[in-house]
Every structure is written in C-alpha cells, then in structure tokens.
Amino acid sequence: MLPTHQQQIRALIAQAIQALGAEASAIVLERPKVAAHGDVATTVAMALGKALKKNPREVASAIVQALSCHPDAAGLIEAAEVAGPGFINLRLTASAKHEAIRQSLREGDGFGQSSAHAGEPVLLEFVSANPTGPLHLGHARQAALGDALAHLLSSQGYQVTREFYYNDAGVQIDTLARSVQARARQALGQDVPFPDDGYQGDYIAEIAREFLAGKTQTARDGEPVKASGQVDDLDSIRRFAVAYLRHEQDTDLAALGLAFDNFYLESSLYAQGRVEQAVQAMMRSGYTYEADGALWLKSTAIPGADGACDDKDRVMRKQDGSYTYFVPDVAYHLAKWERGFKLAINIQGADHHGTIARVRAGLQAASAALGLDVALGYPQYLLHKMLKVTRGGAEVKMSKRAGTYVTLRDLIDWVGVDATRFFLVSRKPDTEFTFDVDLALSQSEDNPVYYVQYAHARICSVLREAAERFGPFDASEANALDLSPLASDKALGLATHLAAWPDALRLAAAERAPHQICFYLKDLAAHLHAFYNAERVLVDEPAPRHARLALLCATAQVLRNGLRLLGVSAPERM
C-alpha cells in the first residue's frame with residue numbers, strides 16, 4: 001500500500017476514534033497474512049476496548065460504520081469488516097490500487113524513495129581488509145552487503161560515505177614482508193626456508209618477482225611505490241607489497257562495480273598521535289588500571305546501551321609496550337565521531353562479535369574525558385556469517401592463487417558480477433549459506449537472479465512487440481490512461497505488490513536488511529509471470545492493451561529500481 005494511502009486511512013480511523021471519545025494513539029496498519037482477509041488490517045479496536053470499557057468488536061463495528069459513511073473513504077476503501085475478537089479488515093478500491101502504477105510511471109527512478117532522513121550523514125565502513133592477500137569470501141559478502149545498504153540508506157535521504165579502513169600496521173604486515181622476502185630469495189636461487197607463519201599462495205611469488213624487477217605500484221589513493229629490487233631491503237619490500245595488494249584489492253572491488261569514497265589508514269592513527277590521545281583520554285576517565293605489567297580497561301564497569309557490561313576487563317597496552325588491536329579501533333571511532341558522523345555502521349564478520357563491547361566501552365571512557373558525548377551503542381554493527389562455495393556438487397575450499405581460500409575474483413570469474421552481487425545479498429547476514437556456482441549459472445526459475453532479470457527482459461520483449469504491431473507506447477501518459485480494465489485478481493495483485501515497494505525500501509533500510517529487497521524482487525517477478533501467463537497483453541482493443549502495457553511498464557520500472565540498489569543490471573534481452 002502506498003504511503004499516501006496509509007496516511008489517509010490512519011487519518012480516517014483517527015477521526016472515527018475521536019468520535020468515540022477516545023484518543024487516537026499509534027495506529028498500526030498491517031498486511032493480512034491471508035489474502036482473503038483483505039488488503040489492510042488493524043487491531044486498534046482491541047487496544048481501545050479496555051480504555052472505553054466496551055467489547056472490542058463493538059468498538060471495531062463503530063469504526064467500520066464511520067469509515068463506511070465518510071466521504072473521503074469513497075475512492076479509497078471498497079469494504080470494511082469486523083473479524084474475530086475485534087480485527088478490522090479493509091479492502092482497497094481498484095482505483096486506489098491503480099495509483100501505484102501511475103505513481104511508478106510518474107516518478108520513475110525515484111519511485112519509492114523518501115526524504116525522511118535528508119542530509120543526515122552516515123559513515124558505512126565495510127570490507128576493510130588487511131592488505132596481506134586477495135579479498136576472500138567474507139570480504140566479498142561485505143562488499144555486496146555494504147554497497148547495497150549504502151544504496152538503501154541513500155534512498156531514504158541519508159548522505160552516505162563508504163569507507164575502507166586499511167589495517168596497514170602491525171604483525172600481519174611484518175609477516176607479509178617476510179613472506180615476500182623469502183620468495184624473492186628463493187627466486188634468486190637462495191636456499192632459505194619459508195616462514196612457518198608466512199602467507200601461502202601464488203600471489204606472494206608474484207609480488208616477489210615484481211619487486212625484484214624494480215616495478216612501481218600504486219593504490220588508488222596512494223603515492224606510487226617503486227621497488228628497490230634489493231632483497232635485503234625489508235622496508236622497501238613491505239611498502240611495495242602493501243601497495244601491490246591494495247592495488248589488487250582496488251581492482252577486484254572495481255570489477256564488482258564498487259567504489260569507496262574514502263580510505264582510512266590505521267598507520268595514520270599512530271602518525272597523527274590519535275592512538276596515544278585515545279589512551280590518555282581513557283586513562284583520565286578513571287576506567288583504567290595497571291596490573292601484571294600491563295594497562296587494562298575496566299570494561300566490566302562501563303555499561304552499554306542495553307545496560308550490560310563486557311564480561312571481563314581488557315588489556316590495552318601489553319607488557320612489551322604495544323597496544324592490543326581494539327585500542328586503535330577506539331581511536332578510529334573517536335575520529336569518526338569528530339568528523340561529524342553521529343551514525344556509523346560497521347559491516348564485519350561474526351568473528352568480530354567479541355570486540356563490540358570493548359570498543360564501545362573504550363569509546364564511552366575516552367569520550368567522557370574528551371567531552372565528546374559519544375552515544376551509547378556507537379557504532380552500530382552488522383555482523384555476517386561466512387559462506388561456502390560449491391561447484392559440481394562439491395565444496396570448493398581454496399584458490400590456487402590465494403593458496404588457502406576462494407577469492408572475490410574467483411566468484412566474479414565463475415558467475416559474473418550480477419549473480420555474485422545478488423547471491424551474496426540474498427540471505428540474512430547472520431545466516432550461513434552456500435553459494436552454488438552451478439545454480440548461479442543456470443537459466444531456470446530456481447536461479448533467483450535469472451528469475452528476476454528474466455521478468456524485466458520479458459516485459460521489454462512485450463514492449464518491443466507492441467511497438468512493432470501498434471506503434472510505441474508512451475508510458476509518460478499514464479495519468480491520462482483508463483486503468484479500469486485492470487480488474488482481474490492477477491492484475492490487481494501485481495499492482496498491489498508495486499504499491500508495497502516504498503514500504504519495502506523503508507523497512508529494509510531501517511532494519512539494515514538488503515536481503516529483503518531480494519525477497520521483494522523475487523515476489524514481484526512471480527506476480528509478473530503469473531499475470532503474464534493469465535492475460536494476453538497485446539490484444540486488438542486499445543483500452544485493455546494500454547492498461548496492461550502501463551502495468552508492465554510500471555513493473556519494469558520497479559524491477560530496475562530494485563536491481564539498481566543491489567548493483568545488478570536489468571537486461572532488456574536474455
């Protein structure tokens with residue numbers, strides 16, 4: 001149901017409630033689970049029964065009577081009835097359902113979008129891979145989820161910044177440098193062992209060869225890094241290897257059609273003194289103490305938004321003077337807040353669950369000392385579980401190039417960008433699922449991306465045939481069209497689903513749930529195919545033909561809008 005219709009129905013019910021001498025509180029409208037029960041349902045009478053000291057069915061009957069008599073309901077509500085202990089079920093008129101067709105064609109790409117959060121800045125951080133190897137399946141899932149969520153939030157008016165945080169400092173970078181150095185020495189014929197904790201995979205040998213050749217490498221936002229070619233120059237190896245892998249990650253993300261607005265380096269937090277500033281702030285807060293030669297955060301004494309505290313205190317600075325990994329995270333999120341991002345969302349793997357409480361506790365301690373007033377529950381987290389890949393009925397566990405895992409590039413090479421994006425977003429983030437390569441390549445209704453794209457291509461095919469037989473159809477004249485021939489259950493069912501698009505967008509954005517868009521699009525495609533199979537579109541009589549073509553054009557528009565949010569194409573031919 002269109003948002004404007006929801007507002008009108010709430011206003012009509014509110015007037016009816018006021019006429020009964022009661023206050024109209026929040027009026028919740030829901031879609032009945034059983035289609036035979038109507039288009040809209042509300043339990044408002046059941047809540048009012050106690051306040052009015054009346055039987056809820058009596059209250060519901062009074063509201064229904066008021067709706068039936070109200071002149072503003074005439075073109076909107078076809079029937080209203082009381083069901084069960086006091087439910088109110090409403091049926092919308094056909095003309096009200098047709099309005100979704102007109103609105104879709106009028107607003108085009110903007111249909112369903114909202115300005116409810118216009119101009120509100122939000123920082124969306126995702127992928128944020130260590131520059132130590134190719135992007136793996138977890139990064140792939142984050143990339144698809146993050147970009148889809150960015151589009152969703154933008155559709156509600158948010159001013160979205162996509163940010164990639166590079167963990168370019170710490171032990172893992174040293175391990176990368178030593179791994180490349182060992183392969184470089186071996187390439188020169190030196191008999192040296194490979195580090196036990198070294199990174200495996202052909203890509204390490206590739207970097208070593210490029211380094212020995214004195215090549216230059218540049219990441220998208222970085223300065224060119226020229227390899228010295230000297231195998232003993234570990235610092236040059238480190239800088240070249242990081243630049244090489246950052247460039248590769250940039251290339252893979254670009255192949256997925258993803259572009260970040262900003263890259264933030266962990267090393268910059270140390271260079272700018274932000275890590276030390278965060279530590280000093282936490283110490284001034286009174287929530288730190290020293291024990292066993294280490295500095296600890298008393299995170300068990302800092303409640304979160306739900307009132308719960310961390311399950312144990314956390315080491316901030318180890319005995320050797322180095323900081324544990326959550327400390328720069330605190331500094332990074334203080335920087336996010338100071339940059340004006342009062343809403344920040346991190347998309348990370350489920351293995352980061354244990355870090356949430358300590359990062360938030362550190363933020364509360366530091367922000368209190370700095371006078372920043374960082375909100376409880378900041379930042380928000382969207383955690384996802386891992387996935388596995390199957391091909392030919394067997395699990396694919398590794399890529400030759402990466403050595404130990406399947407990469408984002410593998411998926412793109414196997415099934416293409418569209419299937420990669422759609423499949424990676426098609427499940428709720430906190431559920432595990434299997435990426436079936438064979439299914440993603442199949443041309444059948446079991447393949448969800450093919451099923452949805454085929455719906456769009458089928459409409460385009462009909463429109464081409466219509467143009468050949470009857471001349472071009474001008475969908476922009478939809479407001480002037482007579483849509484009354486769209487009276488069948490299949491036609492009205494499709495129009496009703498189109499009307500649900502704005503709400504689907506709003507809810508998916510509010511719940512940070514891009515997978516809901518996949519579900520909506522699959523249902524829309526099913527409604528389209530059911531309508532197409534039930535009714536001939538290209539009939540000789542102009543009135544029904546034009547009405548059905550308008551319905552198809554509106555459906556194609558919503559399919560395009562939804563697929564665009566997911567970063568998936570809407571082909572005109574398949």
Side-chain angles (χ1 to χ4, degrees), residues 1-8 39 75-76 92-115 151 155-156 452-488 490-506 517 520-521 523-532 535-539 541-565 568-572:
M1 182 170 54
L2 292 172
T4 52
H5 290 162
Q6 294 181 42
Q7 293 168 7
Q8 292 169 7
D39 301 304
L76 178 61
L92 302 185
T93 63
S95 62
K97 295 176 181 178
H98 295 158
E99 181 56 30
I101 301 170
R102 302 186 194 280
Q103 191 169 329
S104 170
L105 295 175
R106 279 198 310 270
E107 299 180 7
D109 292 350
F111 176 58
Q113 297 187 12
S114 167
S115 59
H151 286 300
S155 78
Q156 303 304 296
V452 173
Q453 288 181 317
Y454 180 67
H456 184 267
R458 170 176 260 183
I459 292 173
C460 293
S461 175
V462 173
L463 293 175
R464 285 193 299 271
E465 185 180 348
E468 291 173 3
R469 291 174 55 184
F470 305 102
F473 174 71
D474 188 356
S476 65
E477 297 181 356
N479 281 338
L481 283 176
D482 173 19
L483 299 180
S484 61
L486 300 176
S488 70
K490 293 291 190 292
L492 293 176
L494 179 53
T496 297
H497 204 65
L498 293 177
W501 173 240
D503 255 3
L505 265 183
R506 179 183 59 80
I517 300 302
Y520 173 89
L521 290 175
D523 287 344
L524 179 59
H527 279 287
L528 178 278
H529 294 312
F531 166 73
Y532 181 87
E535 299 193 26
R536 257 185 78 215
V537 175
L538 301 183
V539 294
E541 190 177 350
R545 183 176 73 245
H546 290 163
R548 291 166 190 170
L549 285 173
L551 177 57
L552 290 190
C553 287
T555 303
Q557 182 66 64
V558 175
L559 286 168
R560 285 194 299 273
N561 291 357
L563 288 169
R564 188 184 306 111
L565 284 173
V568 176
S569 69
E572 296 185 0

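One is the number of the first residue; the rest follow in order along the sequence. No hydrogens, no waters, no symmetry mates; every other heavy atom, side chains included, goes into these values.
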Quiz prompt | Pairwise distance CG(L524) to CG(L559) - rounded to 0.5 angstrom | solution = 4.5 Å
Quiz item: Y520 vs H497 aromatic rings, parallel, tilted or perpendicular, using cut-offs 30° and 60°?
Solution: parallel
Quiz item: Ignoring hydrogens and geometry, is there a side-chain-to-backbone donor-acceptor pair from H456 to R560 under 3.5 Å?
Solution: no
Self-check item: Pairwise distance CD(E107) to CD(Q113) - rounded to 0.5 angstrom
Solution: 9.0 Å
Quiz prompt | Expected output: side-chain T555 to main-chain L551 donor-acceptor under 3.5 Å | solution = yes
Self-check item: A457 backbone acceptor or donor facing S461 side chain under 3.5 Å
Solution: no
Quiz item: Within a radius of less than 6.0 Å around OH of Y454, do more than 12 heavy atoms belonging to other residues, nucleotides or ligands occur?
Solution: no
Quiz item: Any chance the side chains of R564 and H151 put a donor and an acceptor closer than 3.5 Å?
Solution: no
Exercise. Indicate the atoms forming the closest heavy-atom contact of G75 with A96, along with that distance.
Key: O-CB, 4.1 Å
Quiz prompt | Heavy-atom donor-acceptor pair, R548 side chain to R536 backbone, under 3.5 Å | solution = yes
Quiz item: CG of L105 to OG of S476: how many Å apart, nearest 0.5 Å?
Solution: 9.0 Å
Practice problem: Kindly compute the distance separating NE2 (H5) from CG (L76), expressed to the nearest 0.5 Å. | Solution: 5.5 Å
Practice problem: Output yes when K490 and E535 qualify as a salt bridge under the 4.0 Å nitrogen-oxygen rule, no when they do not. | Solution: no
Quiz item: At what distance, to the nearest 0.5 angstrom, does CG of L494 lie from CG of D523?
Solution: 12.0 Å
Quiz prompt | Shortest non-hydrogen separation from L528 to L552 and the atoms involved | solution = CD2-CD2, 3.5 Å
Self-check item: Donor-acceptor pair, side chain of R545 and main chain of L538, under 3.5 angstrom
Solution: no
Quiz item: Who pairs with E572 by side chain to side chain donor-acceptor pair (under 3.5 Å), at least two apart in sequence or on another chain?
Solution: none
Quiz prompt | Atom pair CG (L549) and CG (L481), whose distance is rounded to the nearest 0.5 Å | solution = 9.5 Å
Practice problem: Spell out, as yes or no, whether a donor-acceptor pair under 3.5 Å connects the side chain of Q103 to the backbone of F111. | Solution: no
